[in-house]
Amino acid sequence: MEEKVEKTFYVTTPIYYVNDIPHIGHAYTTIIADALARYQRLKGKKVFFLTGTDEHGQKIEKTATEKGITPKELADRVVIRFKELWQRLNITYDYFIRTTEKFHEEGVQKIFQKLLEKGDIYKGTYQGWYCVSEENFLSEDVPLQPEGYKICPDCGRKAVLLEEESYFFRLSAYQKPLLDFYEANPQFVRPQTRMNEVVSFVRQGLKDLSITRTTVKWGIPVPGDPKHTIYVWFDALHNYVTGVGYDWNTELFQTFWPADVHLIGKDILRFHAIFWPAFLMAAGLPLPRTVYGHGWWLKDEAKMSKSKGNVLDPYLILEKVGPDPLRYFLLREIPIGQDGSFSHEGFVHRINSDLANDLGNLVQRTLTMVVNYFNGSLQEIGQEKEEDKKLARLFEETRDRVYALYDDYAINRALEEIWTYLNAVNKYLAECEPWKLAKIPETRPRLARILYQAVCAVRASSYLIYPVMPETAEKIWAFLGEQKKPGEVLTSELNFYDFRPDQKINRPEALFPRIDLKEFIGEMEKPKTEDYKASKLEAKMEYISYDEFKKMDLRVAKVLTAERVPGTNKLLKLQIDLGSEQRQIIAGVADSYAPEELVGKEFIVIANLKPAVIRGIESQGMLLAAEIEGKAIIPFFDREIPPGTKVK
RNA sequence: GGCGGCGUAGCUCAGUUGGUCAGAGCAUGCGGCUCAUAUCCGCAGAGUCGGGGGUUCGAAUCCCUCCGCCGCCA
């Protein structure tokens, strides 16, 4: 076990659900994993970096059916997109696991069987709220309506209470072991606040977990009882063991398991920090060292969602700036664990000042001087002075701090340290003023020494940057005429003075051209990727005639009063002013708007809609709103309009 | 409602066990340099450390209370 600590490193991302196309959130987790993996490789560890896709489940089956393809075909398509993105981002995963792979399915079945025999899985009856239209049990955390039923979050319809035979995992038995484990391993969940949440959740008591469904066909069959399929989390979580050889490659498995860190989004914390270790305890397998829950990237303070249309497309950014600036920004801007805000302004600013000005320009000015003053080859290097030694010493101190921070997954802090050093190198040049010495022939040895120190500093600090910006580090080393790539040099082999003066330095190209903000924003607003467009076109279009449209009497209405309809979560009762008359309408917008928020607002209603009785209350019309994930968004006007005004 | 966290310069945040802890970066202003991607270097700003009370020789740092955010749970 101790040997494992010394020699190997196993990092995972979640397996991504193939019902979604890759976005910046996927990229973020995977980039973190890649930087950690690359760093550990530099340290000489054997690294296993696992990512992949989660391909089972009702939703996949449904989407596939809608597209007229099989679930596997759907998965195949999406997998290609993920792999393409990882390639563009220079992600060095060791294996890409798919939950539809045979060895995974068999591994999961084997563990299932094992726990069944052990008694940690037993057959029982699952009682849950079932949505007939979605053909799906609602998740446990859907709240009960005051009337005593639940509403399907996907379609908004009333769900019915249903019982079915199901297998259960005896999670309740693991409350104490889990709490003991957390106490003994305070670093198991990071950051600390997430650990607090987990502990308090477990303290409240754990219920056994239903882990099979008879209503879902697209899943791994329960061994010996194939009308049941294994429910999503029990299936998906085990990728972390099947992906490193559990049950099919003992050597691989023993080399790398347990994982050093599972990187996850904070939304799936409970599964990874509670269910997963419980499953492993039951199976008698060692537990991972750390589950790290990272934060969300917000787009200008707002949560990104497909429906808001504010999801950042990693491809667009990549097209414009390439992988390294994106990797750098995401890793530098925030500590893992915090939410971050991605704005175009912030991104451009960070790239221009950190990458173009600080790093890019330092490399440029240093190498250009070597080329201009020495034709690319430093000769007659003068004696080392105190300030020269200082630059080397400072690097060593920086390096040690950077390694310690990388070891602690504090990538943003590590980058901060590196940049502090880059500033010091810039300062060194400013103080030594080599451009002045270049005019005096007698000081050539001194000039050579100064540039030698600066080149060494550039070489060494770009090595530290390599885990985050591999392409950039490689470019810099290529400028320097290094035979090796930074990724081929171990941390133990890197020394400040390893730059050999006889190496011929090439005239550099700008590493990071400055980005023009306006132009950048313009490019980012370009149409999204094909899938996005395609999905819009896929919506079937049925035409109506103008006459049919004319039948609708659309009017501007002003809200006079608004109140919740008792006993509902979504409905508001609104009294509205239609100019010539007042009316009462019932609107399903309470999810998005508080009653008081609407008073005084104006929006469009269909005034000649046949009145209907909703919840025993008459509704004389209907307001127009966009529906996004079950929530209504009302289009308001940008100026005040007399109530009753016709809209066409 | 319960548990946890947060509120420090315009902005984003550091501040171990209370005593150079009032800081960094960005933004702003001024000055310097010209090798370099109009880049780089230096200097300056001053904020009652959310409000109030308390413990202490001494608190941003401990205790109480109030206000305002956020997370998890119900």
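Heavy-atom basis, side chains included; hydrogens, waters and symmetry copies ignored. Note that the structure is predicted; figures quoted are calculated from it, not measured.
Contacts of A:K266 with the nucleic acid, taken as non-hydrogen atoms under 4.0 Å apart, are absent. A:Y373 comes within 4.0 angstrom of the backbone, heavy atoms only, and of no base. Within 4.0 Å (heavy atoms only), A:N196 reaches sugar-phosphate atoms of the nucleic acid but no base atom. Contacts of A:N352 with the nucleic acid, taken as non-hydrogen atoms under 4.0 Å apart, are absent. Using a 4.0 Å heavy-atom criterion, one finds that A:N423 contacts the sugar-phosphate atoms exclusively. Within 4.0 Å of A:L269, counting heavy atoms only, lies no atom of the nucleic acid at all. As judged by a 4.0 angstrom heavy-atom cut-off over every strand, A:R203 is placed among residues making no nucleic acid contact.
Rounded to whole angstrom, the span from the CZ atom of A:R350 across to the C1' atom of B:rC11 amounts to 13 Å. Atom OH in A:Y182 sits roughly 16 Å away from atom C1' in B:rG4 (whole-Å rounding). Nucleotide B:rU34 holds its P atom 16 Å from the CG atom of A:N361, rounded to whole Å. Computed from coordinates, the A:H294 NE2 to B:rG71 P distance equals 16 Å when rounded to whole Å. Rounded to a whole Å, the CE atom of A:M369 is 12 Å from the P atom of B:rU34. Taking atom CZ of residue A:R413 and atom C1' of nucleotide B:rC13, one finds them 11 Å apart after rounding to whole Å. Between the CZ atom of A:F342 and the P atom of B:rU12 there is a distance of 18 Å, given to the nearest Å. Distance A:Y428 OH to B:rA36 P: 19 Å, rounded to the nearest Å.
In this structure, B:rU16 forms no base pair with any nucleotide, since neither Watson-Crick nor G-U wobble geometry is met with both distances under 3.5 Å. The nucleotide B:rC72 finds its pairing partner in B:rG2, both defining distances of the Watson-Crick or G-U wobble pair being shorter than 3.5 Å. Nucleotide B:rG10 is matched to B:rC26 when pairs are restricted to Watson-Crick or G-U wobble geometry with both distances under 3.5 angstrom.
Distances were taken from every side-chain heavy atom of A:T368 (C-beta onward) to each of B:rA36, B:rU37, B:rU39; the shortest belongs to B:rA36. For A:L511, the listed nucleotide lying nearest its side chain is B:rU37; candidates were B:rC35, B:rU37, B:rG42. Ranking B:rU34, B:rG71, B:rA74 by closeness to the A:R194 side chain, first place goes to B:rG71. Closest to the A:K436 side chain, of the nucleotides B:rU37, B:rC72, B:rC33, is B:rC33. Of all nucleotides listed (B:rC73, B:rC40, B:rA36), B:rC73 comes nearest to the side chain of A:Q204. Of all nucleotides listed (B:rC41, B:rC35, B:rC3), B:rC3 comes nearest to the side chain of A:S200.
Here the rule is side chain to side chain contact (heavy atoms under 4.5 Å, CB included) with A:L359, and of A:V425, A:T472, A:I418 only A:T472 fits it. Exactly one of A:W233, A:Y240, A:Y292 qualifies for a side chain to side chain donor-acceptor pair (under 3.5 Å) with A:H272. That residue is A:Y240.
For A:R270 and B:rC73, the shortest distance from a side-chain N or O to OP1 or OP2 is below 4.0 Å. The side chain of A:K427 contributes an N or O atom lying less than 4.0 Å from OP1 or OP2 of B:rG42. Contact annotation: A:R514 side-chain N/O to B:rU39 OP1/OP2 distance is under 4.0 Å. Regarding contacts with the backbone of B:rU37, a side-chain N or O of A:Q364 is found under 4.0 angstrom from either OP1 or OP2.
Although no hydrogens or angles enter the test, the distance criterion places a donor-acceptor pair under 3.5 Å between the side chain of A:R327 and the main chain of A:P467.
A distance of about 16 Å separates the P atoms of B:rA22 and B:rU48, rounded to the whole Å. Using P as the reference atom, B:rG45 and B:rG50 are 22 Å apart when rounded to the nearest Å. Atom name P, nucleotides B:rC73 and B:rA27: the rounded distance is 39 Å, in whole Å. Between B:rA60 and B:rC3, the two P atoms lie 28 Å apart (nearest whole Å). Across the C1' atoms, B:rC64 and B:rC70 are found 23 Å apart, a figure rounded to whole Å. Taking atom P on both nucleotides, B:rG23 is separated from B:rG68 by 32 Å, rounded to a whole Å. Taking the P atoms as reference points, B:rG71 lies 15 Å from B:rC13, given to the whole Å. Distance noted for atom P between B:rC43 and B:rC26: 13 Å (whole Å).
Residue-to-nucleotide proximity on RNA chain B shows that, of A:P434 and A:D358, the 5′-proximal contact is made by A:P434. Residue-to-nucleotide proximity on RNA chain B shows that, of A:Q338 and A:A510, the 5′-proximal contact is made by A:Q338.
A:M195 places none of its side-chain heavy atoms less than 4.5 Å from the side chain of A:Q187. Within the 4.5 Å cutoff, no side-chain heavy atoms of A:L464 are placed close to those of A:Y421.
Between A:F169 and A:F275, the gap from one ring centroid to the other reaches at least 6.0 Å. Ring-centre distance between A:F520 and A:F347: below the 6.0 Å cut-off. Side-chain rings of A:F271 and A:W276 stay apart, their centers remaining 6.0 Å or farther from each other.
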